[in-house]
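Let me begin by presenting the structure, written as structure tokens, before commenting on it.
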Amino acid sequence: IMTKLYIYCLFDRLDTLLGVYSSLQAVHRDALKICNCGTGQVYMRTGDGYVTPSLKTLRNTFKGVCDTQIEYRSDRQMVKILKTKIKE
């Protein structure tokens with residue numbers, strides 16, 4: 001039996017790897033922390049456009065898909081979260 005192990009990779013605007021996470025909650029927290037440094041609001045870019053980031057929205061966007069990325073943006077920062085799975 002193969003188990004599906006998903007990982008979430010956090011990249012900055014220059015595609016530098018900032019971290020690898022097994023927890024969606026932890027990668028969401030760190031993405032918000034990095035982007036929340038300017039004076040503007042943080043937005044999440046999904047297939048539906050820009051929305052206010054929440055763990056629920058992130059979970060629903062990633063549900064059932066793999067090798068997908070989502071951006072978090074503010075007026076001064078941008079990070080990307082890539083969902084992929086560990087290949088055996």
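Side-chain atoms are counted along with the backbone in the values below, which use heavy atoms only and exclude waters and symmetry mates.
The side-chain hydrogen bond (donor to acceptor under 3.5 Å, both in side chains) test applied to S23 returns no partner, not counting sequence neighbours. With sequence neighbours excluded, the residues forming a side-chain hydrogen bond (donor to acceptor under 3.5 Å, both in side chains) with Y72 are H28, listed by chain and number. In this view, K56 and S54, N60 satisfy the side chain to side chain contact (heavy atoms under 4.5 Å, CB included) rule, not counting sequence neighbours. Judged as a side-chain hydrogen bond (donor to acceptor under 3.5 Å, both in side chains), and not counting sequence neighbours, N36 has no contacts. Partners of T61 under the side chain to side chain contact (heavy atoms under 4.5 Å, CB included) rule, at least two apart in sequence or in another chain, are T46, T57, I70.
Residue Q69 places its CD atom among more than 12 non-hydrogen atoms of other residues, nucleotides or ligands, all under 6.0 Å distant. Around atom CZ of R76, no more than 12 heavy atoms belonging to other residues, nucleotides or ligands sit under 6.0 Å away.
No continuous path of ILVMFWY side-chain contacts below 4.5 Å connects L5 to L24, so the two sit in separate hydrophobic clusters. Hydrophobic clustering keeps M78 apart from Y8 (ILVMFWY residues linked when any side-chain heavy atoms are closer than 4.5 Å, directly or through intermediates).
Residues I86 and Y6 fail the side-chain proximity criterion, which asks for heavy atoms closer than 4.5 Å.
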request  = Please assess E71 against I81 for the test side chain to side chain contact (heavy atoms under 4.5 Å, CB included), listing each intermediate value before the final yes or no.
outcome  = CA-CA 6 Å; E71 293 180 1; I81 300 173; over 6 Å; no
Verdict with reasoning, M44 to L58, per side chain to side chain contact (heavy atoms under 4.5 Å, CB included) = CA-CA 9 Å; M44 176 194 290; L58 183 63; 3.9 Å; yes
request  = For L18 and F11, run side chain to side chain contact (heavy atoms under 4.5 Å, CB included): C-alpha distance rounded to whole Å, both residues' side-chain angles, the deciding distance at 0.1 Å, then the answer.
outcome  = CA-CA 5 Å; L18 301 176; F11 296 94; 5.9 Å; no
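Here the closest heavy-atom approach between residue C35 and residue Q77 is recorded as CA-CB, 3.8 Å. The two residues K80 and D12 have their closest heavy-atom pair at CE-O, 4.0 Å. Considering every non-hydrogen atom in both T52 and Q41, the closest pair reads OG1-NE2, 3.6 Å.
Using a 4.0 Å cut-off between a side-chain N of Lys or Arg and a carboxylate O of Asp or Glu, K85 and D67 do not qualify as a salt bridge.
Note: C37 SG to L32 CG = 12.0 Å, rounded to the nearest 0.5 Å. From T39, atom OG1 reaches atom CG of D75 across 4.0 Å, with rounding to the nearest 0.5 Å.
Between I7 and the options L82, V27, T84, a side-chain contact (heavy atoms from CB on, under 4.5 Å) holds for only T84.
The other members of the hydrophobic cluster of Y50, by chain and number, are Y43 (side-chain heavy atoms under 4.5 Å, ILVMFWY only).
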